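Start at 1 and go down the list; that is how both ligands and their atoms are numbered. Computed from a predicted structure; not experimentally measured. Reckoned from all heavy atoms, side chains included, excluding hydrogens, waters and symmetry mates. Numbering of residues begins at 1 and proceeds along the displayed sequence.
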Amino acid sequence: MDRPYLAGLVLAGRKVVVVGGGHVAQRRLPALLATGADVTVISPEVTPAIEGLAGELTWVQRDFVESDLDGAWYVIAATDDGDVNAQVAEAAESRHTFCVRSDDALGGTAWTPAVGHHGSVSVGVLGNREPQKSAALRDDIITALRDGHLTASDALDRTPGVVLVGGGPGEPELVTVAARHALASADVVVADRLAPRELLDELPAHVELIDVAKLPRGRSASQDTINEVIVDRARAGKRVVRFKGGDNFVFGRGFEELLACAGADVPVTVVPGLTSAIAVPARVGIPVTHRGVAHEFTVVSGHLPPGHPDSLVAWDALARLRGTLVLLMAVDNAPSIAAALLAGGRSADTPVAVVVDGTMPTERTVLTTLGSLADDLVAHRVVPPAIIVVGDVVAVARPAHYGRG
Ligand code: SAH
């Protein structure tokens with residue numbers, strides 16, 4: 001067998017014919033449609049998924065006839081009938097049109113590689129007709145590119161400026177692909193205490209790592225310092241990644257940093273992250289909504305106690321809501337928050353889950369009720385970071401604990 005010649009086909013606006021409407025065809029169609037090809041499917045029957053694509057392709061609902069290939073640039077024979085596939089391959093051959101035969105690679109004139117994409121790079125693997133091996137190798141290559149173990153440095157955006165990157169709740173696996181790309185492209189990384197630390201170990205030695213936890217004390221003072229650092233470095237032509245836990249715009253002061261950049265004419269982009277408010281409960285199997293139980297969830301910062309002059313939270317209104325409350329930064333003020341919710345009408349036996357160090361090796365969950373929250377935080381020695389989930393969704397997730405099993 002001679003070697004195949006690898007080529008990238010430019011199919012936009014060109015006629016491509018897929019003969020067959022089963023699962024093989026279904027698997028091939030999305031990638032073909034993504035090229036912008038003018039796709040025709042020939043088959044008396046198709047899977048519901050292909051039928052769902054009707055608006056994006058032409059479905060000719062009958063058996064194959066040779067003239068179906070007239071004007072085609074590329075053909076896939078994917079019926080479950082070897083004779084029909086052979087007939088398609090022959091008709092393609094006589095028209096000098098490349099044809100993939102899904103049942104018998106050697107009977108066609110083109111092979112489908114295992115394909116993956118990473119940024120602007122496409123990777124294709126053609127094994128010696130061992131599709132599983134090819135797919136596994138493709139997966140390894142794409143994973144390595146995503147993890148930064150293989151670098152397609154040219155494919156990364158290295159423009160100077162600031163990228164605000166949400167790192168997710170803590171476990172490195174829960175960071176987005178875009179976050180990994182941003183880290184791989186950084187000259188400077190400014191990281192918070194709650195950002196996934198393991199990923200910082202992977203940074204190449206030339207990257208300047210600024211640990212915000214080590215900057216001078218005092219909330220606003222250090223925020224000014226952070227704004228100054230990211231703006232200065234970006235102005236010096238560096239690509240700066242501001243790397244935080246969760247999502248930068250959820251109690252992350254991300255928008256202050258965006259404004260600081262905008263004010264200094266520094267380009268800034270945002271890579272959203274999985275916020276701990278949703279991801280941490282989810283990871284321990286607690287949904288923030290559930291049909292018939294909670295039609296809303298409210299995410300609240302508990303860093304100021306109810307009644308504090310600077311507080312912007314209407315705790316009495318929250319007490320009257322029926323849905324789920326997700327409290328962040330609320331461990332210290334939990335006693336007064338629970339008291340305010342009880343005073344506002346929430347029942348003392350409202351289920352509460354406290355998830356400490358969510359998604360991290362030290363993760364633990366304390367189950368309690370609104371009436372016992374204050375005592376249980378002390379009894380279980382809860383220290384931040386913790387997410388406090390208040391509402392019946394907790395009992396739905398842990399029915400046995402609440403005697404609802
Ligand atoms: N921007 C972050 C929230 C920052 S406020 C986000 O979107 O997730 C910091 C608070 O987030 C902590 O006090 C705690 O309430 C919560 N938090 C963040 N990560 C957490 C984790 N892994 N486990 C439990 N709580 C977490």
Side-chain angles (χ1 to χ4, degrees), residues 163-176 178-179 182 189-200 211-213 219-220 222-223 226 230 241-258 270-288 297-305 310-313 318 324-338 352-368 373-374 376-377 380-391 393-394 397:
V163 195
L164 302 176
V165 178
E171 187 192 317
E173 289 272 294
L174 294 176
V175 77
T176 64
V189 175
V190 183
D192 269 7
R193 198 172 45 86
L194 285 176
R197 316 287 301 184
E198 284 94 331
L199 296 177
L200 303 177
D211 190 343
V212 164
R219 273 184 81 84
S220 58
S222 57
Q223 186 61 50
I226 295 164
I230 61 179
V241 165
R242 176 71 177 107
F243 192 48
K244 285 195 230 201
D247 184 279
N248 303 44
F249 285 178
V250 179
F251 307 133
R253 308 192 70 170
F255 207 74
E256 292 172 48
E257 293 167 2
L258 183 143
V270 179
V271 175
L274 273 182
T275 178
S276 64
I278 301 171
V280 165
R283 212 37 194 234
V284 299
I286 299 173
V288 290
F297 66 97
T298 311
V299 180
V300 188
S301 168
H303 76 287
L304 294 177
D310 293 341
S311 174
L312 300 176
V313 180
L318 291 182
T324 310
L325 279 182
V326 182
L327 306 171
L328 274 64
M329 297 184 278
V331 172
D332 293 346
N333 293 319
S336 57
I337 290 171
V352 175
V354 182
V355 190
V356 189
D357 293 347
T359 79
M360 295 184 240
T362 48
E363 173 187 288
R364 62 196 172 106
T365 303
V366 174
L367 297 175
T368 178
L373 175 61
D376 275 339
L377 288 179
H380 291 90
R381 297 196 178 79
V382 170
V383 290
I387 298 279
I388 303 179
V389 185
V390 180
V393 288
V394 174

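- Protein heavy atom at the shortest distance from atom 4 (C) of ligand 1 is F251 O, 3.4 Å.
- At least one N or O atom of P169 sits closer than 3.5 Å to an N or O atom of ligand 1.
- Remark: ligand 1 atoms within the under-4.0 Å shell around heavy atoms of D357 are 23 (N).
- Put simply, no part of G170 is less than 4.0 Å from ligand 1, judged by heavy atoms.
- The distance criterion of under 3.5 Å between nitrogen or oxygen atoms is not met by N248 with respect to ligand 1.
- Here the side chain of S311 pairs no donor or acceptor atom with the backbone of L304 at under 3.5 angstrom.
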Exercise for the section: Let me see the working for I278 and F297 under side chain to side chain contact (heavy atoms under 4.5 Å, CB included), right down to the final yes or no. Expected result: CA-CA 10 Å; I278 301 171; F297 66 97; 3.9 Å; yes
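- Ion pairing between E171 and R283 holds under the 4.0 Å rule for side-chain N and carboxylate O.
- In the vicinity of V355, heavy-atom distances shorter than 4.0 Å reach the ligand 1 atoms 24 (C).
- Remark: ligand 1 and T359 share no N or O pair separated by less than 3.5 Å (distance only, no angle test).
- Residue-ligand proximity, G245 to ligand 1, at heavy-atom distances under 4.0 Å covers atoms 1 (N), 2 (C), 6 (C).
- In terms of protein heavy atoms, atom 17 (N) of ligand 1 is closest to S276 OG, 3.3 Å.
- The nearest protein atom to atom 25 (N) of ligand 1, hydrogens excluded, is given as I387 CG1, 3.3 Å; this is a heavy-atom distance.
- Looking at K244, R253, R242 one by one, the single match for side-chain hydrogen bond (donor to acceptor under 3.5 Å, both in side chains) with D192 turns out to be R242.
- With a 4.0 Å heavy-atom cut-off, ligand 1 is reached by the side chain of L194 but not by its N, CA, C or O.
- At a 3.5 angstrom cut-off on N or O pairs, V250 counts as close to ligand 1.
- Taking the charged nitrogens against the carboxylate oxygens, R193 and D211 have no contact shorter than 4.0 Å, which rules out a salt bridge.
- Without hydrogens or angle criteria, R364 side chain to H380 main chain gives a donor-acceptor distance under 3.5 Å.
- D247 places a side-chain N or O within 3.5 Å of a backbone atom of G273 that can act as its donor or acceptor partner.
- Under the 4.5 Å side-chain criterion, counting only non-hydrogen atoms from C-beta, V288 is not in contact with V393.
- Here the heavy atom of the protein found nearest to atom 23 (N) of ligand 1 is G358 N, 2.8 Å.
- With a 4.0 Å cut-off on non-hydrogen atoms, P385 touches ligand 1 through its backbone as well as its side chain.
- Residue contact check for ligand 1: M360 places a non-hydrogen atom closer than 4.0 Å to it.
- Counting only distance, with no hydrogens or angles, the side chain of T176 and the backbone of A179 share a donor-acceptor pair below 3.5 Å.
- Shortest contact from atom 14 (C) of ligand 1 to any protein heavy atom: A386 O, 3.4 Å.
- Side chains of V212 and S222 form no contact here, defined as non-hydrogen atoms less than 4.5 Å apart.
- Side-chain contact between P169 and L274 is present, with heavy atoms from C-beta onward closer than 4.5 Å.
- In terms of polar-atom proximity, M329 is counted as a contact of ligand 1, with an N or O under 3.5 Å from an N or O of the ligand.
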